[in-house]
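Structure first, then comments.
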Amino acid sequence: MSNMNFFQERLGRYFLQLRKKKTKRKLHLNTFDTAQSIAIIYNNTDKLSVQKTEHFAAEIAQSHAGTKISIVGFSANTTTKQIHKTDVFFNTTITKNDFTWYGTVKNESLEKFIKTPFDILIDLSMEQCFALEYIVQLSHATFKIGRL
């Protein structure tokens, strides 16, 4: 997370590596044609990033009807959780309040997201963000795309 100091991030990375060793997931190559469920994560820095991500999700849903799409955006600028649901996808904004002071998840619904075996996980983040890195590395998704 952007507000973490060096010590907090080092401690967070230590716990991430411990948990990552215990995380078991099945690996499987999926395409948009074979995927039943897709998760998208991104850094929610402004309204434009939200609009572009939701537009991308809508494009996937339109071209691949029946695919369940879940979106999680991390916002370092707010402490208020936001949820936007449409017929096509479920978009949740997570904040630093969803994590402990050293970066591990403390939110039960976010923990459920991590443990969900999505067919595809797409990481749209462009810059390093420990919160999103934590989610991607521990995700039980069978196929991951993006900044890993």
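Residue numbers start at 1 and run along the sequence shown. Because only heavy atoms are used, hydrogens play no part in the values below, and waters and symmetry mates are left out as well, while side chains stay in.
Between the CD1 atom in I71 and the CD1 atom in I41 there is a gap of 12.0 Å [rounded to 0.5 Å]. Here the straight-line distance linking atom NE2 of H28 with atom CZ of F143 works out to 10.0 Å at 0.5 Å rounding. One finds the CG atom of L138 at 8.0 Å from the CD atom of E111 (value rounded to the nearest 0.5 Å). Atom OG1 of T142 sits about 11.0 Å away from atom CZ of F118, to the nearest 0.5 Å. Once rounded to the nearest 0.5 Å, the distance linking CZ of F130 with CD of Q137 reads 8.0 Å. Residue T34 holds its OG1 atom at 7.5 Å from CG of L29, rounded to the nearest 0.5 Å.
With contacts defined as side-chain heavy-atom distances shorter than 4.5 Å, the pair I120/I122 qualifies. Put simply, the side chain of L16 does not reach to within 4.5 Å of the side chain of T104, judged on heavy atoms. Here the side chains of K115 and K112 are not in contact, with every heavy-atom distance at 4.5 Å or above. With a 4.5 Å cut-off on side-chain heavy atoms, N44 and F74 do not count as touching. Between H140 and T116 there is no side-chain heavy-atom pair separated by less than 4.5 Å. At least one side-chain heavy atom of T53 sits under 4.5 Å from a side-chain heavy atom of L124.
Crowding of Q17 atom CD: a count of heavy atoms from other residues, nucleotides or ligands under 6.0 Å exceeding 12.
Checked against salt bridge (Lys or Arg N to Asp or Glu O under 4.0 Å), D98 has the following partners two or more places apart in sequence or in another chain: K81. Under the side chain to side chain donor-acceptor pair (under 3.5 Å) criterion, K52 pairs with no residue at all, not counting sequence neighbours. Every residue was checked against the ring pair (Phe, Tyr, Trp, His ring centres under 6.0 Å) condition with Y42, not counting sequence neighbours, and none meets it. Applying the side chain to side chain donor-acceptor pair (under 3.5 Å) rule to S49 yields the partners D46; only residues at least two apart in sequence or on another chain are considered.
For the residue pair T95 and F99, the shortest heavy atom distance occurs at O-CD1, 3.4 Å. Here the shortest heavy-atom pairing between P117 and S37 reads O-OG, 4.3 Å. Considering all non-hydrogen atoms of both residues, T45 and N77 come closest at O-ND2, 3.7 Å.
For residues 56-71, the set of pairs meeting the side-chain hydrogen bond (donor to acceptor under 3.5 Å, both in side chains) definition, not counting sequence neighbours, comprises D33-H64, H55-E59. Applying the salt bridge (charged side-chain N to carboxylate O under 4.0 Å, His left out) test to every pair with at least one member in residues 131-143, sequence neighbours left out, gives these pairs: R13-E133.
Criterion: ILVMFWY side-chain heavy atoms under 4.5 Å apart, direct or through other members. Under it, L18 and L11 are part of a common hydrophobic cluster. Hydrophobic clustering, with ILVMFWY side chains joined whenever heavy atoms are under 4.5 angstrom apart, groups F89 together with F32. In the hydrophobic clustering of ILVMFWY residues, with side-chain heavy atoms under 4.5 Å counting as a link, I145 and F56 come out together.
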>> Before you tell me yes or no, could you show the steps for I114 and V105 under side-chain contact (heavy atoms from CB on, under 4.5 Å), namely the whole-Å CA-CA distance, both residues' side-chain angles and the distance that decides it to 0.1 Å?
In response: CA-CA 10 Å; I114 290 171; V105 172; 3.7 Å; yes

> Under the side-chain contact (heavy atoms from CB on, under 4.5 Å) criterion, do N107 and F113 qualify, and how do the steps go?
Replying inline: CA-CA 10 Å; N107 177 311; F113 178 87; over 6 Å; no

>> One pair to check against side-chain contact (heavy atoms from CB on, under 4.5 Å): I38 and I60. What are the steps and the verdict?
In response: CA-CA 9 Å; I38 297 174; I60 295 170; 3.7 Å; yes

>> Please determine whether side chain to side chain donor-acceptor pair (under 3.5 Å) holds for the pair R19 and Y134, giving the CA-CA distance in whole Å, both sets of side-chain angles, and the decisive distance to 0.1 Å.
In response: CA-CA 10 Å; R19 186 161 171 208; Y134 188 91; 3.2 Å; yes

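Of the possible polar contacts, one joining the D123 side chain to the S125 backbone as a donor-acceptor pair under 3.5 Å is found. Between the side chain of D119 and the main chain of N30, no donor-acceptor pair closer than 3.5 Å is present.
A distance of 6.0 Å or more separates the ring centres of Y14 and Y102.
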